[in-house]
Undergrad: 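For reference, the structure I am asking about is given below.
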Amino acid sequence: GDAHPHAFLFFICKSWSQKKKKKMVALLQPREDLLGILRTSLAEVDSSSGLEKEGDNEDVLAYVATLASVMFDSQDFDSSKWVDSLSPYMSSISDVSDLAVQHFCQAAEKAAVGEDDVDSYGGDDDDGEEICNIRFNLAYGGKILLHQTKLRLRRGHRYGLVGQNGAGKTTLMNAINNGKLEGWPQHLLTSYVDSGSNVDPDYESRQVMSELVNSSGRSQEACQEMLDFLKFTPTMVNGTIGELSGGWQMKLRLIRAVLLNADILLLDEPTNHLDAKTVQWLTEYLQGLTNTTVICVSHDTVFMENICTGVIHYERREVWGPHRKLVHYKGKMSDFVKVQPQAKHYFELATTDLKFKFPDPGRLEGVKTSTQKFMEMENVDYCYPGSDKPTLIGVNVKMSLSSRVAVVGANGAGKSTLIRMIVGESQPTNIGKCRFFIHHNLRVAYVAQHSFFHVEQHMEDSPVAYIRWRFKDAYDREKIESAGYRISAEEQQAIDDFQLEGIWSRRLRGGKIEYEVKKKNIHERDNKYFTRDELLSLGMEKLLKQTDEKIAAKEAGLDLRPVTTTEIQKHLDDFGLSQEFGTYGKIRGLSGGQKVKLVLAASMWNNPHLLVLDEPTNYLDREALGALSAALNEWGGSVLMISHNKEFYSSVCREEWVVGDGKVNVAGVSAERAMKAVSKKKSYAKEDTNTEKLDKAGGNMNANGDKYKDATTNFWGQTVSKKETRQYDKAKKKGDVELMRKILQVPMGKVMPGYEELGDGKTIPK
């Protein structure tokens, strides 16, 4: 009962083999290569094992090689498992030790995965104490990221963790930080500095000093010393984490890591949001560490070149099958590229196979040339509520479709503050004393520092489902629901007091923008037009912003663009997010770089005229950055970006806005570009439903609905019910225009935008 699980089988085989030895060998059919490795290993370790002749103990060796083949084929080279499984049978051979079985395991491993994988982590003569030497598997969800890979770390070494977006770099660092890897030494203290891509409202609500003291376990004096060293002001120290800019939040995470003084320091994109001086401090700090091992993921190759003593590369080789392993290369990043020339894109801002394709911006009303300005600031100030000192003073800038602008400056200088005014999230504090013009039909795509926050409200949805949710009503729902567009209780009260039922249309008359207002209990023929200034004076700022956004979206053709899986996935393909991740995956399973691609694709759905990027290089690998640079240079819209990566922004931008001491100084000039914002509203081929496919195949000869658009919202912007949708579909097939207009509640004499084929109700449409 206590015998080894294979003992009975071996007893039968051995008893039978004593009578018919030749049949025994034929029955088991051991792998010849493993059998040879086994004999060689035993001879090398136990010269007294009596295996000088090939026929000695052949039945035992055949059976052991057969058992070993199971672990060999699954690439399970845990030596303890090999000893437990094989030693009971090897004990029948005199003087064969467990050491011989371990040697057999190592030799088989080299034969299976190659010398590079087994020996790549350095020999025993390498300097530094070995603190980790494990073999493990790593998966995320149902996807295997690493299979039977080795990880060997030495104290005081600094490793660059390198691999494509989605390879699993952040997943590996999380597993190390949580001690979840097989065989991980639990006594090691780790400190993890994440990239800051995940916004945690609870974390951001905490006070800076108290959070630092509690998380680091150090005294307030020690914490204050580090905060002072990195120039934190008393206001910052006493404020909440959420009040800090992205750069200052990263500095805070780095300070915590320094105070912990861990055995292993894990850095995930540590240069994100950091200015040049802070990057230099971090570089020198890491170079001075002798007792801490560093594992770093970063797309800043200059930084990586300066700090790395070795590179750990996610690698796939034919001999390993479909899964990746970690391979270690000694030396700096440049030494790694010499050995692996195909990885040169880590040093070059160029792309190989990856391409991004941006949609051309649509026509911008009244803008005839690419140099005609659509945004202008003159003498603009901005001061945060409760602050005595303005963040920005006397800003004078302008933009056109030819503009390619990089906004640069130190952390906290006011770069993001300037951007938020341009995208409409805030207003100048000296309105009436400055000029701030933005074209009323300008479509803006804004990829903010914390743009992941919105995406992560849909973690269990696919990227396709997220874009469908966001744009199914023919406008950007996420933008309309954001703080910059949300109607406050005070504004809603003003709307109710004015008896406003809705804004029906907008026109430009006498150089002024006017809105057609429908009041409650007033017939539509008595609608009146009010100027923008008149409605603003009544406190309807956010309502007008929502109206302008919806009209701009309709100008882009969003009311015609289908939000089908096919159409959305085609759009995601243009941004390098394949069907595996876009249609069939969940947002939860996307890497940081893949989330950037999703956020970028979603923001470009409405064919914007202006693309605003706040630190776009933070999460994209070098190949993706090369693709982004090439796409921006081909695109016909305007670009405004905040970036500390000069290599990237200088490949796109010729104009710089330097922000510092409350001022914005303009350096350089954007070159004139070809005018591409001239296209009309796009028309999209309608995707047939299963019923319509049957109709076209002859299943229903009376189908007549292809020329009419599906019903989603009625004339008043209200969502059509399921019952009304079914009635509308039946009317479509019959071509009953009168019933369709009735279901959509289109008033007599009015043409519903996007449904022009239904006419005005007075004349019969052709």
Undergrad: So, taking the atom named CG in Leu610 and the one named OH in Tyr446, what distance separates them when rounded to the nearest 0.5 Å?
TA: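 Leu610 atom CG to Tyr446 atom OH measures 11.0 Å (nearest 0.5 Å).
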Undergrad: Is the backbone of Glu365 close enough, under 3.5 Å, to the side chain of His439 for a donor and an acceptor to pair up by distance?
TA: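 Confirmed, His439 side chain pairs with Glu365 backbone.
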Undergrad: Less than 3.5 Å apart, which donor and acceptor atoms pair up between the side chains of residues 231-244 and the rest of the protein, not counting sequence neighbours?
TA:
{"from": "Thr233", "atom 1": "OG1", "to": "Met236", "atom 2": "N", "distance (Å)": "3.2"}
{"from": "Asn238", "atom 1": "ND2", "to": "Pro234", "atom 2": "O", "distance (Å)": "3.0"}
{"from": "Glu243", "atom 1": "OE1", "to": "Thr240", "atom 2": "N", "distance (Å)": "3.2"}

Undergrad: Quick one: do Arg506 and Asp548 satisfy salt bridge (charged side-chain N to carboxylate O under 4.0 Å, His left out)? Show the steps, please.
TA: CA-CA 9 Å; Arg506 186 187 67 191; Asp548 289 342; 2.8 Å; yes
Undergrad: Walk me through whether Asp473 and Thr713 qualify under side-chain hydrogen bond (donor to acceptor under 3.5 Å, both in side chains).
TA: CA-CA 8 Å; Asp473 295 322; Thr713 56; over 6 Å; no
Undergrad: To the nearest 0.5 Å, tell me how far Gln492 CD sits from Glu490 CD.
TA: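 Between atom CD of Gln492 and atom CD of Glu490 there are 11.0 Å.
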Undergrad: Would you please name every residue forming a salt bridge (Lys or Arg N to Asp or Glu O under 4.0 Å) with Glu549, sequence neighbours left out?
TA: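 With sequence neighbours excluded, Glu549 shows a salt bridge (Lys or Arg N to Asp or Glu O under 4.0 Å) to Lys479, given in chain and number order.
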Undergrad: Examine Tyr485 together with Tyr475 and report whether their ring centres are nearer than 6.0 Å.
TA: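 Distance test on ring centres: not under 6.0 Å, no.
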Undergrad: For the pair Leu572 and Ile467, evaluate side-chain contact (heavy atoms from CB on, under 4.5 Å) and give the outcome as yes or no after the intermediate values.
TA: CA-CA 10 Å; Leu572 291 174; Ile467 291 181; 3.7 Å; yes
Undergrad: Tell me if a side-chain donor or acceptor on His571 pairs with a main-chain N or O of Ala601 at a distance below 3.5 Å.
TA: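 Such a contact is found between His571 side chain and Ala601 backbone.
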Undergrad: Checking Glu481 now: which residues fulfil salt bridge (Lys or Arg N to Asp or Glu O under 4.0 Å) with it, not counting sequence neighbours?
TA: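 Salt bridge (Lys or Arg N to Asp or Glu O under 4.0 Å) check on Glu481 returns Arg477.
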Undergrad: Side chains of Val669 and Arg654, heavy atoms from C-beta outward: is any pair under 4.5 Å?
TA: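 Result no, sub-4.5 Å side-chain heavy-atom pair not found.
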Undergrad: CZ of Phe437 to CE of Met399: how many Å apart, nearest 0.5 Å?
TA: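 So the CZ of Phe437 and the CE of Met399 are separated by 13.0 Å.
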Undergrad: Using a 4.5 Å cut-off on heavy atoms from C-beta on, say whether the side chain of Leu418 contacts that of Met377.
TA: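 When only atoms from C-beta onward are counted, Leu418 and Met377 do touch, with a gap below 4.5 Å.
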Undergrad: Taking Met641 as the fixed residue, which of Val405, Val612, Leu632, Leu611 is the one that meets the side-chain contact (heavy atoms from CB on, under 4.5 Å) rule?
TA: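 Exactly one pass, corresponding to Leu632.
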Undergrad: Determine whether a donor-acceptor pair (N or O, by modelled atom type, separation under 3.5 Å) exists between the side chain of Trp657 and the backbone of Ala406.
TA: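 Looks like no, no N/O pair under 3.5 Å.
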Undergrad: State, to 0.1 Å, how close Ile587 and His458 come at their nearest heavy-atom pair, and which atoms those are.
TA: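 Shortest heavy-atom contact: CD1-O, 3.4 Å.
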Undergrad: Kindly indicate whether the side chain of Phe358, heavy atoms from C-beta on, has any atom under 4.5 Å from the side chain of Leu600.
TA: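 Sidechains of Leu600 and Phe358: in contact.
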Undergrad: Sequence neighbours excluded, which residues qualify as side chain to side chain donor-acceptor pair (under 3.5 Å) partners of Asp388?
TA: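 Expected list: none.
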Undergrad: Sequence neighbours left out, what passes salt bridge (Lys or Arg N to Asp or Glu O under 4.0 Å) with Arg435? Give chain and number order.
TA: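 Applying salt bridge (Lys or Arg N to Asp or Glu O under 4.0 Å) to Arg435 gives Glu376.
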Undergrad: Strictly distance-based, threshold 3.5 Å: is any side-chain N or O of Thr271 a donor or acceptor partner for the main-chain N or O of Leu274?
TA: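 Here the side-chain-to-backbone pair does not exist.
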Undergrad: Using a strict threshold of under 4.0 Å (side-chain N to carboxylate O), is an ion pair present between Arg206 and Asp202?
TA: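 Yes.
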Undergrad: Looking only at heavy atoms, what is the nearest atom pair of Tyr466 and Ala602, with distance?
TA: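 Closest heavy-atom pair between Tyr466 and Ala602: CE2-CB, 3.9 Å.
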Undergrad: Under the salt bridge (Lys or Arg N to Asp or Glu O under 4.0 Å) rule, collect the residues that match up with Glu501, sequence neighbours excluded.
TA: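 If we apply the salt bridge (Lys or Arg N to Asp or Glu O under 4.0 Å) test to Glu501, skipping adjacent residues, the hits are Lys518.
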Undergrad: Charged N to carboxylate O below 4.0 Å: is that the case for Glu516 and Lys750?
TA: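 A salt bridge links Glu516 with Lys750.
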Undergrad: Cut-off 3.5 Å, side chains only: do Tyr203 and Gln249 have a donor facing an acceptor?
TA: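 No, Gln249 and Tyr203 have no side-chain donor paired with an acceptor closer than 3.5 Å.
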Undergrad: For a ring-ring contact (aromatic ring centres under 6.0 Å, His included) with Phe530, tell me which candidate from Tyr515, Trp504, Phe498 qualifies.
TA: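 Filter result, single survivor: Phe498.
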Undergrad: Would you find more than 12 non-hydrogen atoms of other residues, nucleotides or ligands less than 6.0 Å from Lys545 atom NZ?
TA: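 More than 12 heavy atoms, drawn from other residues, nucleotides or ligands, come within 6.0 Å of this atom.
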Undergrad: Ignoring hydrogens and angles, tell me if any N or O in the side chain of Arg468 forms a donor-acceptor pair with the backbone of Val563 under 3.5 Å.
TA: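 At least one qualifying donor-acceptor pair exists.
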Undergrad: Calculate, to the nearest 0.5 Å, the distance between atoms NZ and CG belonging to Lys355 and Leu628 respectively.
TA: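 Atom-to-atom, Lys355:NZ and Leu628:CG are 13.0 Å apart.
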Undergrad: List the atom of Asp360, the atom of Gly636, and the distance in Å for their closest heavy-atom pair.
TA: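 Looking at all heavy atoms of both residues, the shortest contact is OD1-N, 4.1 Å.
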Undergrad: Ring of Tyr529, cation from Arg507 - is the NZ or CZ under 6.0 Å from the centre and inside 45° of the axis?
TA: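 Yes, cation above the ring, under 6.0 Å and within 45°.
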Undergrad: Locate the shortest heavy-atom distance separating Leu598 from Pro463; write the atom from each residue and the value.
TA: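 Looking at all heavy atoms of both residues, the closest pair is CD1-CB, 3.6 Å.
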Undergrad: Go through the steps to decide whether Trp605 and Leu558 satisfy the test side-chain contact (heavy atoms from CB on, under 4.5 Å), and finish with yes or no.
TA: CA-CA 8 Å; Trp605 180 263; Leu558 261 63; 4.1 Å; yes
Undergrad: Report the C-alpha distance between Thr417 and Thr391 in whole Å, list the side-chain angles of each, state the deciding distance to 0.1 Å, and finish with yes or no for side-chain hydrogen bond (donor to acceptor under 3.5 Å, both in side chains).
TA: CA-CA 8 Å; Thr417 302; Thr391 302; 5.2 Å; no
Undergrad: How close do Lys251 and Leu230 get, counting heavy atoms only, and between which atoms?
TA: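 Shortest heavy-atom contact: NZ-O, 4.1 Å.
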Undergrad: Indicate yes or no for a side-chain donor-acceptor contact from Asp574 to the backbone of Phe356 under 3.5 Å, with no hydrogens or angles considered.
TA: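 A pair under 3.5 Å: no.
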Undergrad: Is there side-chain contact between Met421 and Pro428, with heavy atoms separated by less than 4.5 Å?
TA: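 Yes, their side chains come closer than 4.5 Å.
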Undergrad: Please check if the number of heavy atoms outside Lys520 that lie under 6.0 Å from its NZ is greater than 12.
TA: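 Check passes, neighbour count above 12.
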Undergrad: If you take all heavy atoms of Phe303 and Pro270, which pair is closest and at what distance?
TA: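 Heavy atoms only, the tightest pair is CE2-CG, 3.8 Å.
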Undergrad: Taking everything shown except Asp526 itself, do over 12 heavy atoms lie less than 6.0 Å from its CG?
TA: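 Yes, CG of Asp526 has more than 12 neighbouring heavy atoms, counting only those of other groups under 6.0 Å.
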Undergrad: Between the main-chain N or O of Val659 and the side-chain N or O of Lys415, is there a donor-acceptor pair closer than 3.5 Å?
TA: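 The answer is no, because no donor-acceptor pair under 3.5 Å joins these two groups.
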Undergrad: Taking the side chain from His609 and the backbone from Arg443, do they hold a donor-acceptor pair closer than 3.5 Å?
TA: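 Confirmed, His609 side chain pairs with Arg443 backbone.
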Undergrad: Hey, does the side chain of Ser370 reach the backbone of Arg673 with a donor-acceptor pair shorter than 3.5 angstrom?
TA: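 Indeed, once roles are kept as given, a pair shorter than 3.5 Å links the two residues.
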Undergrad: Flag the pair Ile495 / Leu538 as yes when at least one side-chain heavy-atom distance between them is below 4.5 Å, and no otherwise.
TA: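 No, their side chains stay 4.5 Å or more apart.
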Undergrad: Inspect the surroundings of CD in Glu634 and state if more than 12 heavy atoms from other residues, nucleotides or ligands are less than 6.0 Å away.
TA: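 Open.
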Undergrad: In sequence, state the C-alpha distance, the side-chain angles, and the governing distance for Ile438 and Val444, and then conclude on side-chain contact (heavy atoms from CB on, under 4.5 Å).
TA: CA-CA 11 Å; Ile438 294 182; Val444 180; over 6 Å; no
Undergrad: Would you say that Pro608 contacts Trp635 through its side chain, given a criterion of any heavy-atom pair below 4.5 Å between the two side chains?
TA: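 Pro608 reaches Trp635 side chain to side chain.
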Undergrad: What's the separation between atom NZ in Lys433 and atom CG in Asp381, rounded to the nearest 0.5 Å?
TA: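 Here the interatomic distance stands at 9.0 Å.
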Undergrad: Before you tell me yes or no, could you show the steps for Leu500 and Met540 under side-chain contact (heavy atoms from CB on, under 4.5 Å), namely the whole-Å CA-CA distance, both residues' side-chain angles and the distance that decides it to 0.1 Å?
TA: CA-CA 10 Å; Leu500 188 147; Met540 300 183 188; 3.9 Å; yes
Undergrad: Calculate, to the nearest 0.5 Å, the distance between atoms CG and CG belonging to Leu536 and Leu543 respectively.
TA: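 Reported value, rounded in 0.5 Å steps: 10.0 Å.
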Undergrad: Asn606 side chain to Ala552 main-chain N or O, any donor-acceptor pair under 3.5 Å?
TA: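 Checking the backbone N and O of Ala552 against the side chain of Asn606, no donor-acceptor pair under 3.5 Å is found.
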